[in-house]
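Okay, structure first, notes after.
All values below come from the heavy atoms of this structure, side chains included, with hydrogens, waters and symmetry mates left out. Both ligands and their constituent atoms are indexed starting at 1 by order of listing.
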Amino acid sequence: MTPWLPAVAAAALAAGWLLGRAGPRPRGADPVAQAVRDLLASARRLGFPEALPADRAALPGALAAFGRWVTEAWAEAQEERRRFAAVLSGMAEGVLLLDADGRVLLANDVAAALWPGLVPDLPGRHELELFQDADLHRAVRRALEAGEPQEVEVARPGSAPGISRHWRVRVRPLAAEGPEGPRALVVVEDVTDRRDLDRVRRDFVANVSHELKSPLTTIRGYAETVRDEELDPEARRRFLERIVQETVRMGALVEDLLHLAELEAPRLVPVEPVDLAELARDAVAEHRPRAEAAGLELTVAVAPGTDGAHVLGRAAELRLALDNLLRNAITYTPAGGRVAVEVGAGGRPAAARPGDPRSWLYVRVVDTGVGIPAEALPRIFERFYRVDPARDRRKGGTGLGLAIVKHAVVGHGGHVEVQSTLGAGSTFTVWLPEAPRGSAPGRAVRPG
Ligand code: ADP
C-alpha cells in the first residue's frame with residue numbers, strides 16, 4: 001500500500017546522522033536542515049502529528065519521532081493489507097478491480113477460477129475479453145463514467161453443450177483518487193443453482209397443471225354427456241365408471257403431491273428406531289391381495305442376523321418408500337411373475353463415501369417384470385418422468401412414486417440403487433445406515 005515508507009524511514013535515519021555530525025551552522029545556509037524541514041513538512045501533510053521544530057537542535061529528535069511514526073504506519077499498512085487479502089480471498093463471490101479503461105488491476109481467487117483458461121494472467125485483461133457481454137460492457141462504462149452502481153445478469157456457456165452458467169454481476173464505481181481516474185469494483189456471483197431451481201419449479205407447476213387438466217377435461221366431457229343425452233343404462237354406467245376412474249386418478253395425484261410436500265417441509269417428526277424386517281413384512285402383507293389379484297407371487301425374506309437390526313428414522317416415510325416400490329413392482333410385472341422383498345445387512349451402497357465406517361441395512365424389491373431400458377434409468381427418479389407415458393398413465397401411475405422414494409431415502413441419509421434388464425425384471429435397493437446396536441427399540445430419539 002505504501003512501499004515508499006521503509007525507504008523514507010532509512011532516509012530519516014541517514015539525515016539524523018548527518019545533522020548530528022555537522023555541528024551548529026547559521027540558519028538558512030544549512031541544506032541538510034532544510035531538507036529535513038521539508039521532509040517533516042510533507043510528513044505533516046500525510047498525518048505526522050508533531051509540530052515542525054523551529055530550533056535546529058530539536059531536528060534530530062523530531063526526525064527520530066518521524067522514524068517511529070513511519071515504522072508504526074508501515075506495520076499498520078501491512079496489517080491492513082493482510083486483512084484486505086483475507087477478506088478478498090474469503091469472499092464467496094469473484095471480485096475484480098477494473099481501471100478507468102476497463103482492464104483488471106486485481107482479482108481474487110474466486111474470480112480467477114471463473115476463467116480457468118486465463119489464470120494466472122487475469123490482471124491486464126479487458127472486461128470485454130473476459131465477460132464477452134455487451135450489457136455488462138455498457139454497465140461498466142456507465143459505472144466508470146457516470147459513477148452509478150450497476151447490476152446485470154450474464155449467461156455464459158457451461159462445461160457441457162446446452163448447459164449455461166448464470167452470473168449476477170454487480171459493478172460499483174470507485175471515485176477517482178489520483179491521476180489514474182475512476183475505478184470499478186466488479187462482484188461476480190454464480191447464481192446458476194438458483195436459476196436451475198427456478199426452472200425446476202416452473203416445470204413442476206406446469207406439469208402438475210397438465211396432469212390435473214387432462215382428467216378434468218375427461219370428467220367434464222362424460223358428465224356433460226350424461227347430463228345432456230338420452231343414454232341407455234349400460235352406456236350411462238360406463239360413462240359414470242370413467243368419471244369415477246378419473247377422480248381416483250386425480251385423488252392419487254393430489255395424495256402424492258401432498259406426500260412430496262411433506263417430505264420437503266422441515267422435518268418435525270422425531271426419528272425413532274425402526275425395525276426394517278417388521279416394516280417389510282407389514283408392507284408385504286398389505287400388498288398381497290393386490291399381487292394375488294394380478295396373478296403374481298409375492299414373498300418376503302429376511303437374511304439371518306438381520307432380525308432386530310434397526311435404522312433411526314421416520315417409520316411412516318420409510319413405509320411410504322417401500323409401498324411405492326412394491327406398487328411399481330406389482331404394476332410393471334405381468335401375470336405369472338414374481339415379486340420378492342429381501343431385507344439384509346452387509347455390503348454398502350456404491351455411492352457411500354470411501355472410509356465411511358457405518359454399517360448398512362438394505363431392503364430390496366426384485367421383480368420379474370417388463371424392466372426399464374438402460375437409457376431411461378438415470379431419469380426414472382425425476383418427477384413425472386415415465387418410460388412409456390401412455391402405458392404408464394393407463395396403469396394408474398402418477399409419475400411421482402420414485403421421486404417420493406428417493407426423497408424419503410435421501411432424507412434418511414440413505415441411497416437408492418436400481419438395476420434392470422428390459423424384458424427380464426428390475427431390482428430396486430434401498431440402503432439405510434444401521435442404528436448403533438443396542439439403541440433401544442421403541443424409544444423415540446429426537447434428531448440433532
Ligand atoms: P409411476 O407412478 O408412473 O409408476 P414412478 O415415479 O413410480 O411413476 O416411476 C417412474 C417410471 O419408471 C414409471 O412410469 C415406469 O415407466 C418406470 N418404472 C418404475 N418402477 C418400475 C418397475 N419396477 N419395472 C418397470 N418399470 C418401472
Side-chain angles (χ1 to χ4, degrees), residues 200 203-204 206-208 210-215 245-264 280 283-284 287-288 290-291 293-300 317-342 362-411 414-430:
V200 167
D203 289 356
F204 183 61
N207 276 325
V208 169
H210 177 75
E211 296 282 338
L212 284 172
K213 200 172 160 197
S214 44
Q245 275 172 12
E246 294 300 317
T247 54
V248 168
R249 236 180 81 182
M250 286 179 73
L253 177 62
V254 170
E255 194 160 318
D256 276 358
L257 287 171
L258 287 173
H259 284 144
L260 267 180
E262 270 165 32
L263 287 170
E264 279 180 348
V284 164
H287 286 266
R288 181 156 282 123
R290 264 195 71 214
L296 302 175
E297 184 192 340
L298 174 60
T299 56
V300 56
E317 289 177 15
L318 294 175
R319 176 62 194 270
L320 188 62
L322 190 53
D323 280 343
N324 275 293
L325 290 178
L326 271 168
R327 194 174 307 133
N328 282 349
I330 294 169
T331 304
Y332 298 108
T333 304
R338 286 189 316 276
V339 175
V341 178
E342 300 163 10
Y362 65 82
V363 186
R364 196 165 276 154
V365 179
V366 188
D367 68 53
T368 59
V370 297
I372 300 165
E375 67 276 10
L377 284 177
R379 299 201 55 194
I380 53 172
F381 292 96
E382 287 174 24
R383 293 160 181 203
F384 296 118
Y385 179 81
R386 295 172 172 108
V387 173
D388 178 342
R391 173 200 75 182
D392 301 344
R393 267 207 193 87
R394 219 171 30 244
K395 287 184 174 289
T398 60
L400 294 174
L402 289 178
I404 290 174
V405 171
K406 176 125 195 193
H407 236 77
V409 173
V410 169
H415 300 275
V416 197
E417 289 170 0
V418 52
Q419 279 126 17
S420 192
T421 309
L422 204 55
S426 311
T427 299
F428 285 84
T429 308
V430 169

Any nitrogen or oxygen of Ala403, main chain or side chain, under 3.5 Å from a nitrogen or oxygen of ligand 1? no
Do Leu298 and Val284 have side-chain heavy atoms sitting under 4.5 Å apart? yes
So, is Leu402 polar-close to ligand 1, with some N/O to N/O distance under 3.5 Å? yes
So which heavy atom in the protein is nearest atom 10 (C) of ligand 1, and how far is it from that ligand atom? Tyr385 O, 3.3 Å
Under 4.0 Å from a heavy atom of Gly399: give me the atoms of ligand 1 that qualify, with their elements. 1 (P), 2 (O), 3 (O), 6 (O), 8 (O)
Geometric N/O contact Gly401 with ligand 1, under 3.5 angstrom: yes
Would a distance-only check, ignoring hydrogens and angles, find a side-chain to backbone donor-acceptor pair under 3.5 Å from Thr333 to Val370? no
Are the side chains of Leu322 and Leu318 in contact, using a 4.5 Å heavy-atom criterion? no
Contact atoms of ligand 1, heavy-atom distance to Arg391 under 4.0 Å: 16 (O)
Write out the residue and atom name of the closest protein heavy atom to atom 17 (C) of ligand 1, then the distance separating them to 0.1 Å. Val387 CG2, 3.8 Å
If we number the atoms of ligand 1 from 1 as shown, the ones under 4.0 Å from a heavy atom of Gly371 are 25 (C)
Quick test: of every protein heavy atom, which one is nearest to atom 14 (O) of ligand 1, and how far off is it to 0.1 Å? Asp392 OD2, 2.9 Å
Can you tell me how far CZ of Arg288 sits from CD of Glu297, rounded to the nearest 0.5 angstrom? 9.5 Å
In the protein, what heavy atom is nearest to atom 12 (O) of ligand 1, and what distance, to one decimal place, separates them? Ile380 CG2, 3.6 Å
With heavy atoms of Phe428 as the reference, note each atom of ligand 1 found under 4.0 Å away. 20 (N), 23 (N)
So do Thr427 and Thr429 actually touch side chain to side chain, heavy atoms under 4.5 Å? yes
With nothing but distance in play, are any N or O atoms of Asp367 less than 3.5 Å from an N or O of ligand 1? yes
Residue, atom and distance of the protein heavy atom nearest atom 7 (O) of ligand 1 read Asn328 ND2, 2.8 Å
Do the side chains of Thr368 and Leu296 get nearer than 4.5 Å, heavy atoms only? no
Salt-bridge present (Glu382, Lys406; N to O < 4.0 Å): no
Within the structure provided, determine whether Asn324 and Asn328 are in side-chain contact (heavy-atom separation under 4.5 Å). no
Between Arg364 and Glu417, is a salt bridge (charged side-chain N to carboxylate O under 4.0 Å, His left out) present by the stated rule, with each step listed? CA-CA 9 Å; Arg364 196 165 276 154; Glu417 289 170 0; 6.0 Å; no
Looking only at protein heavy atoms, what sits closest to atom 21 (C) of ligand 1 is Tyr332 CD1, 3.5 Å
Can an N or O of Ile372 be found at a distance shorter than 3.5 Å from an N or O of ligand 1? no
Does a salt bridge link Asp323 with Arg327, judged by any charged N lying under 4.0 Å from a carboxylate O? no
